[in-house]
Amino acid sequence: MKTAVITGAGSGLGSELAYAFSKLDYKVYLLGRTRYKLEKISRNMKGKSFIYEVDIADPLSVAEVFREIYESHDNVDCLVNNAGVGIFKTLDDIDNREIDLLFDTNIKGAIYCTKEVLPDMQRRNNGDILNIISNSGKTAKAHEIIYSASKFGMRGFSEALTDLTKDTNIRVLAAYMGNMNTSLWREDEPEELKSYASPTDVTKIIMDHFLDRESIFSSDIEIDNQ
Ligand SMILES: NC(=O)c1ccc[n+]([C@@H]2O[C@H](COP(=O)([O-])OP(=O)(O)OC[C@H]3O[C@@H](n4cnc5c(N)ncnc54)[C@H](OP(=O)(O)O)[C@@H]3O)[C@@H](O)[C@H]2O)c1
């Protein structure tokens, strides 16, 4: 049975990806900061799942969680770097604490998690790393300047990982999408939130690409919703 570790699995896209990997018969490790959200997702899954409460912005907690996963369970076949925060502000409005939170979660958290799984994937010459980025990592916007900068950072990290693993059986996949109807927007809920793409539909597209990659490899998934 293969294993997938999904960060930010307690809601939105992360929870939909968790269900999708479970349906593919993966054993799924659900990571996030809020236990009750992870428990709810786990209860709705038929296959095996495990919950780990962790703040990915804290490298020591990340190291501890992956130590537990490797000690008590098994290999990580797929890491999904999905957890993220959305603070959509101009440079004038955003404060230093919010800038740190965006970078600590959206880039550094994904880097910490990747550093925990990559050596083992390299030893086994096998594995998948799925990076959930955003169209904000392709086109930057002034009104979400630091969020865009964090996603551009994630894109750079993902592209460099693709280069690092190019002659191996480790696959790095970067997913870029527009707005989705999730709790990412809870701080400043836009009027048109309900018209945003459903994370279920976005998950279907991502998983189609994920499954195709054995024969046709493309490192990017670009979903052009608004
Ligand atoms: N929604 C959109 O419009 C949109 C568009 C493009 C890309 N994205 C990206 O899609 C990804 C998923 O977001 P979503 O839209 O599904 O929003 P979401 O429902 O808010 O999911 C984000 C998840 O990340 C977790 N999380 C946040 N900070 C964390 C931390 N420090 N450590 C561990 N977990 C953390 C949250 O759970 P806890 O708070 O319980 O930890 C939450 O479950 C993000 O990377 C986001 O940037 C979203």
Side-chain angles (χ1 to χ4, degrees), residues 5-20 29-42 51-66 79-88 97-98 100-114 116 129-141 143-144 146-155 157-158 173-190 192-203 205-206 220-226:
V5 173
I6 303 172
T7 67
S11 61
L13 187 62
S15 60
E16 293 299 327
L17 287 165
Y19 294 137
Y29 299 94
L30 307 164
L31 274 53
R33 289 173 303 183
T34 318
R35 173 163 287 275
Y36 79 86
K37 285 165 55 180
L38 301 170
E39 281 172 348
K40 189 172 152 213
I41 305 305
S42 177
I51 288 170
Y52 288 92
E53 223 174 306
V54 62
D55 177 355
I56 60 158
D58 174 358
L60 293 179
S61 314
V62 170
E64 176 62 19
V65 159
F66 280 95
L79 168 68
V80 184
N81 283 316
N82 164 79
V85 289
I87 301 168
F88 306 107
R97 191 196 56 84
E98 293 169 323
D100 285 345
L101 184 63
L102 281 164
F103 275 87
D104 288 349
T105 315
N106 294 2
I107 308 187
K108 287 163 73 179
I111 295 172
Y112 299 146
C113 293
T114 304
E116 293 299 327
I129 299 174
L130 170 56
N131 293 320
I132 302 303
I133 308 183
S134 165
N135 288 346
S136 302
K138 295 253 177 187
T139 308
K141 295 177 190 135
H143 63 270
E144 50 176 56
I146 306 301
Y147 180 78
S148 293
S150 74
K151 293 295 182 179
F152 264 73
M154 194 53 204
R155 173 183 167 191
F157 177 62
S158 195
L173 192 57
Y176 300 90
M177 69 289 293
N179 297 338
M180 294 179 288
N181 183 355
T182 71
S183 59
L184 195 82
W185 298 95
R186 66 177 168 261
E187 295 277 306
D188 43 357
E189 198 167 301
E192 60 281 16
L193 181 64
K194 286 206 173 76
S195 70
Y196 289 172
S198 97
T200 319
D201 290 345
V202 171
T203 295
I205 299 171
I206 292 174
D220 284 3
I221 306 170
E222 301 195 27
I223 304 172
D224 241 343
N225 60 313
Q226 57 173 304

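Read the numbers this way: they start at 1 and go in the same order the structure lists the ligands and their atoms. Residues take their numbers from the sequence shown, with the count starting at 1.
Atoms of ligand 1 found under 4.0 Å from any heavy atom of Ile133 (numbered from 1 in listed order, with element): 7 (C), 8 (N), 9 (C). Remark: ligand 1 atoms within the under-4.0 Å shell around heavy atoms of Ser11 are 18 (P), 19 (O), 21 (O), 42 (C), 43 (O). The Asp55 neighbourhood of ligand 1 comprises atoms 30 (C), 31 (N), 32 (N), with distances under 4.0 Å to a heavy atom of that residue. Per-residue contacts place Gly178 under 4.0 angstrom from the following atoms of ligand 1 (heavy atoms of the residue considered): 5 (C), 6 (C). The atoms of ligand 1 that sit less than 4.0 Å from any heavy atom of Tyr147 are 7 (C), 8 (N), 46 (C), 47 (O). Residue contact check: Ala83 has heavy atoms under 4.0 Å from atoms 24 (O), 26 (N), 34 (N), 35 (C), 45 (O) of ligand 1. The contact set between ligand 1 and Gly32, taken as ligand atoms under 4.0 Å from a residue heavy atom, comprises 33 (C), 34 (N), 41 (O).
Scanning the protein heavy atoms around atom 40 (O) of ligand 1, the nearest turns out to be Thr34 OG1, 2.4 Å. With respect to atom 17 (O) of ligand 1, the closest heavy atom belonging to the protein is Thr182 OG1, 3.3 Å. When only non-hydrogen protein atoms are considered, atom 32 (N) of ligand 1 lies nearest to Ile56 N, 2.9 Å. For atom 25 (C) of ligand 1, the nearest protein heavy atom (residue, atom name, distance) is Gly8 CA, 3.6 Å. Closest to atom 39 (O) of ligand 1 among all protein heavy atoms lies Arg33 NH2, 2.8 Å.
Shortest non-hydrogen contact noted between Val80 and Ile132 is CG1-CG1, 4.2 Å. Between Gly84 and Thr105, the shortest heavy-atom contact is CA-CG2, 4.1 Å. Smallest separation of non-hydrogen atoms from Met180 and Trp185: O-NE1, 3.2 Å. Taking both residues in full, the closest heavy atoms of Ile41 and Ser15 are given as CD1-CB, 3.5 Å, listed atom of the first, atom of the second, then distance. Between Ala110 and Ile56 the shortest heavy-atom distance is N-CD1, 4.3 Å. Looking at every heavy atom in both residues, Thr203 comes nearest to Ala20 through CG2-CB, 3.8 Å.
Ring-plane geometry between Tyr52 and Tyr29 is classed as tilted, the angle between the planes lying from 30 to 60 degrees on a 0 to 90 degree scale.
At least one heavy atom of Ser183 sits closer than 4.0 Å to an atom of ligand 1.
At a heavy-atom distance under 4.0 Å, only side-chain atoms of Trp185, from C-beta outward, approach ligand 1. By the criterion of a heavy-atom distance under 4.0 Å, the side chain of Thr105, and not its backbone, is placed next to ligand 1.
When the heavy-atom distances from atom 45 (O) of ligand 1 to Leu101, Leu184, Ile223, Asn82 are ranked, the shortest goes to Asn82. The residue among Leu193, Ile132, Val62 with a heavy atom at the shortest distance from atom 10 (O) of ligand 1 is Ile132. With distances taken over non-hydrogen atoms, the option nearest atom 22 (C) of ligand 1 out of Gly84, Gly12, Ala110 is Gly84. Evaluated by nearest non-hydrogen atom to atom 37 (O) of ligand 1, the leading choice among Met180, Lys37, Met154 is Lys37. Residue Val54 holds the heavy atom nearest to atom 33 (C) of ligand 1 of all those in Val80, Thr7, Val54.
Between Leu79 and Leu130, every side-chain heavy-atom pair lies at or beyond the 4.5 Å cut-off. Here the side chains of Asn106 and Tyr147 are in contact, with some heavy-atom distance below 4.5 Å. Looking at heavy atoms from C-beta onward, Tyr112 lies out of side-chain contact with Asp58 at the 4.5 angstrom threshold. In this structure the side chain of Phe152 never reaches within 4.5 angstrom of the side chain of Ser136, judged on heavy atoms.
Residue Leu13 has at least one N or O atom closer than 3.5 Å to an N or O atom of ligand 1. Residue Met177 places no N or O, backbone or side chain, under 3.5 Å from any N or O of ligand 1. For ligand 1, the polar-atom distance check finds no N/O of Asn135 at less than 3.5 Å from any of the ligand's N/O atoms.
Side-chain N or O atoms of Asn225 include one that pairs as donor or acceptor with a backbone N or O of Gly178 at under 3.5 Å.
Atom NZ of Lys40 has 12 or fewer neighbouring heavy atoms from other residues, nucleotides or ligands inside a 6.0 Å radius.
The residues Lys138 and Asp224 are annotated as not salt-bridged, no charged nitrogen and carboxylate oxygen being separated by less than 4.0 angstrom.
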